[in-house]
Student: 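So that we are looking at the same thing, I have put the structure below in structure tokens.
Computed from a predicted model, the values in this text were never measured in an experiment.
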Amino acid sequence: MTQTVDAQALALELDSARLERREVPPLTNAHAGLSLSEAYAIQEAGIRLRVRRGEQVVGLKMGLTSEAKRKQMNLDSPVYGVLTDRMRVAADGVVRVGEGIHPKIEPEIAFRMKRELSGKVTRDEALDACESVFAAMEILDSRYRDFKYFSLPDVVADNASSALYVLGTAEHPPRAFDLTRLQMTMSVNGEPAHSARSDAISGDPVLSLVQLCELLAQRGQVLPAGSIVLAGAATVAHMLRPGDQVRLHVESLGEVAVSAA
Ligand code: OOG
Ligand code: MG
């Protein structure tokens with residue numbers, strides 16, 4: 001397909017918005033016909049910029065895998081983004097709201113892959129390729145104005161709004177529990193703020209892995225061994241305010257917490 005946009009230039013635009021903590025208009029304002037494949041090319045160019053500055057790719061995140069999130073963002077299909085080592089916040093660590101644009105936090109389930117997965121795989125093959133499963137939260141921070149009114153290509157180009165993530169420290173064998181029936185509750189300052197059962201994520205968080213492999217295959221890519229994968233949020237995201245103590249409890253998997261400053 002002929003590329004009608006300059007992926008490198010648009011990646012630079014989003015990258016400087018991120019580094020300068022400044023909102024920009026959605027790319028589709030100026031590039032109405034931006035396609036999903038052009039958007040992934042922009043995302044990839046953005047990740048190359050970060051890798052050139054010394055960041056390491058450590059995994060991927062699925063987004064919009066739950067109905068709650070698709071409704072909140074008014075978008076209708078799952079997308080993926082890339083996670084780097086520098087985006088990781090330590091468990092019980094601090095997220096500085098002022099270092100972002102308008103960060104939000106959301107409850108997730110994560111997997112660590114022991115084997116590479118590629119193309120069309122079954123649920124069992126995906127599960128067999130996992131080393132472990134654990135609780136996690138993602139801190140999103142869209143580079144777009146007001147964190148809203150963007151289209152699927154916009155969000156894909158912006159690395160699916162990814163900013164930071166925090167991983168639970170207790171990792172479990174992937175077949176230890178029925179991953180479709182785990183109660184997830186994210187509390188803010190001690191009060192339950194959002195809860196859902198884990199099957200809110202793709203009907204089964206393992207199916208997020210299956211879908212991720214299919215999306216990667218469309219770009220000629222695989223899910224590498226050793227990757228961390230965030231399966232997508234089970235509920236809508238909470239807008240972070242300085243002082244917030246956020247804790248996610250996932251039945252059987254355990255807890256993960258961060259505070260905002
Ligand atoms: C898009 C990213 C969604 C999830 O877990 O559903 C996402 C957004 O909400 O800006 O990461
Ligand atoms: Mg997410």
Student: Specify the closest pair of heavy atoms between T65 and G232, including all atoms of both residues, with the distance to one decimal.
Tutor: OG1-CA, 3.3 Å

Student: Would you indicate whether the side-chain heavy atoms of L127 and R123 approach each other to under 4.5 Å?
Tutor: yes

Student: Heavy atoms only: give me the nearest H194-A237 pair and the separation to one decimal.
Tutor: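 Heavy-atom minimum between the residues: NE2-O, 4.2 Å.
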
Student: Same cluster or not: are V210 and L64 linked, directly or through other Ile, Leu, Val, Met, Phe, Trp or Tyr residues, by side-chain heavy atoms under 4.5 angstrom apart?
Tutor: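 Yes, because V210 and L64 connect within a single hydrophobic cluster, where side-chain heavy atoms sit under 4.5 Å apart.
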
Student: Can E106 and L230 be said to form a side chain to side chain contact (heavy atoms under 4.5 Å, CB included), step by step?
Tutor: CA-CA 11 Å; E106 54 186 22; L230 298 183; over 6 Å; no

Student: Under the side chain to side chain contact (heavy atoms under 4.5 Å, CB included) rule, what do T84 and V51 come out as? Steps first, then yes or no, please.
Tutor: CA-CA 8 Å; T84 74; V51 167; 5.7 Å; no

Student: Are the side chains of D204 and D199 in touch, meaning some heavy atoms are under 4.5 Å apart?
Tutor: no

Student: Could you check whether any side-chain N or O of N159 sits under 3.5 Å from a backbone N or O of G81, counting only pairs where one atom can act as donor and the other as acceptor?
Tutor: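 It does not hold such a pair.
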
Student: Following the transitive rule for hydrophobic clusters with a side-chain heavy-atom cut-off under 4.5 Å over Ile, Leu, Val, Met, Phe, Trp and Tyr, establish whether V229 and L167 coincide in one cluster.
Tutor: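 Each belongs to a different hydrophobic cluster.
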
Student: Could you check L117 against L216 for side chain to side chain contact (heavy atoms under 4.5 Å, CB included), going step by step and ending with a plain yes or no?
Tutor: CA-CA 10 Å; L117 265 185; L216 286 169; over 6 Å; no

Student: Which pair of heavy atoms, one from V133 and one from P173, lies closest together, and at what distance?
Tutor: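 Closest approach of V133 to P173: CG1-O, 4.0 Å.
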
Student: Measuring from atom CZ of R53 to atom CG of L19, what distance do you get when rounded to the nearest 0.5 angstrom?
Tutor: 5.0 Å

Student: Below 3.5 Å, can you tabulate the donor-acceptor pairs from side chains in residues 97-105 to any protein atom, sequence neighbours excluded?
Tutor:
unit_1: H102; atom_1: ND1; unit_2: E23; atom_2: OE2; d: 3.2
unit_1: H102; atom_1: NE2; unit_2: S142; atom_2: O; d: 2.6
unit_1: H102; atom_1: NE2; unit_2: Y144; atom_2: O; d: 3.4

Student: With a 4.5 Å heavy-atom cut-off, do S187 and Q245 have their side chains touching?
Tutor: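 No; the side chains remain at least 4.5 Å from each other.
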
Student: Check A231 against M62 and note the closest heavy-atom contact, atom names and distance.
Tutor: O-CB, 3.7 Å

Student: Go through the steps to decide whether F147 and M73 satisfy the test side chain to side chain contact (heavy atoms under 4.5 Å, CB included), and finish with yes or no.
Tutor: CA-CA 9 Å; F147 210 131; M73 303 320 287; 3.8 Å; yes

Student: Check the hydrophobic clustering (I, L, V, M, F, W, Y; side-chain heavy atoms under 4.5 Å; chains of links allowed) and say if V57 and M113 are grouped together.
Tutor: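 Shared cluster, yes.
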
Student: Rounded to the nearest 0.5 Å, what's the gap from OH on Y80 to NZ on K61? Could you check?
Tutor: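 NZ of K61 is found 12.5 Å from OH of Y80.
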
Student: State, yes or no, whether a side-chain contact exists between I109 and M184 at a heavy-atom distance under 4.5 Å.
Tutor: yes

Student: Testing R175, R115, K114 one by one against D128 for a salt bridge (Lys or Arg N to Asp or Glu O under 4.0 Å), which residue passes?
Tutor: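 Output: one option passes, namely R175.
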
Student: Between S198 (side chain) and L179 (backbone), is there a donor-acceptor pair under 3.5 Å?
Tutor: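 Pair found, side chain donor or acceptor close to backbone of L179.
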
Student: State the CG-CG distance between L152 and N74, to the nearest 0.5 angstrom.
Tutor: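 Here the rounded value is 11.0 Å.
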
Student: Does any non-hydrogen side-chain atom of S208 lie less than 4.5 Å from one of F111?
Tutor: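 No, side chains not in contact.
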
Student: Is L240 linked to V236 within one hydrophobic cluster, defined over Ile, Leu, Val, Met, Phe, Trp and Tyr using a side-chain heavy-atom separation of less than 4.5 Å?
Tutor: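 Per the 4.5 Å side-chain linkage, L240 and V236 are not co-clustered.
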
Student: Any chance CZ of R181 has more than 12 other-residue heavy atoms, nucleotides or ligands included, within less than 6.0 Å?
Tutor: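 At most 12 heavy atoms, drawn from other residues, nucleotides or ligands, come within 6.0 Å of this atom.
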
Student: Compare every heavy atom of L248 with every heavy atom of A135, then report the nearest pair and how far apart it is.
Tutor: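 So the minimum-distance heavy-atom pair works out to CB-CD2, 4.3 Å.
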
Student: Is there a path of hydrophobic side-chain contacts, each under 4.5 Å between heavy atoms of I, L, V, M, F, W or Y residues, that connects L14 with L12?
Tutor: no

Student: Below 3.5 Å, can you tabulate the donor-acceptor pairs from side chains in residues 219-226 to any protein atom, sequence neighbours excluded?
Tutor:
unit_1: R219; atom_1: NE; unit_2: E44; atom_2: OE2; d: 2.9
unit_1: R219; atom_1: NH1; unit_2: S37; atom_2: O; d: 3.3
unit_1: R219; atom_1: NH2; unit_2: E44; atom_2: OE1; d: 3.1
unit_1: R219; atom_1: NH2; unit_2: E44; atom_2: OE2; d: 3.4
unit_1: Q221; atom_1: NE2; unit_2: E44; atom_2: OE2; d: 3.2

Student: Do R112 and I228 come within less than 4.5 Å of each other through their side chains, counting heavy atoms only?
Tutor: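 A side-chain contact under 4.5 Å exists here.
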
Student: Using side-chain heavy atoms (C-beta onward) and a distance below 4.5 Å, is L34 in contact with I42?
Tutor: yes

Student: Just so I know, are the side chains of R21 and D141 near enough to count as touching, which here means a heavy-atom distance under 4.5 Å?
Tutor: no

Student: In a check of side chain to side chain contact (heavy atoms under 4.5 Å, CB included) between Q8 and each of V5, L10, D6, which one passes?
Tutor: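 Single side chain to side chain contact (heavy atoms under 4.5 Å, CB included) partner of Q8 among V5, L10, D6: D6.
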
Student: Can we say R143 and D154 salt-bridge, meaning some charged N sits less than 4.0 Å from an Asp/Glu carboxylate O?
Tutor: no

Student: Of all the heavy-atom pairs spanning A234 and A200, show the shortest one and how long it is.
Tutor: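 Here A234 and A200 meet closest at O-CB, 3.6 Å.
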
Student: How long is the straight-line distance from CG of D76 back to CD of E67, given to the nearest 0.5 Å?
Tutor: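 Output value for this atom pair is 10.0 Å.
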
Student: In Å, rounded to the nearest 0.5 Å, how long is the span from CD1 of I201 to CD of E108?
Tutor: 6.5 Å

Student: Hey, is R50 close enough to E55 for a salt bridge, meaning N to O under 4.0 Å?
Tutor: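 A salt bridge links R50 with E55.
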
Student: Hey, what do you get for OG (S161) to CG (L140), rounding to the nearest 0.5 Å?
Tutor: 5.5 Å

Student: Could you list the donor-acceptor pairs under 3.5 angstrom formed between side-chain atoms of residues 250-261 and any protein atom two or more places apart in sequence or on another chain?
Tutor:
unit_1: E251; atom_1: OE1; unit_2: Q183; atom_2: N; d: 2.8
unit_1: E255; atom_1: OE1; unit_2: R247; atom_2: NH1; d: 2.9

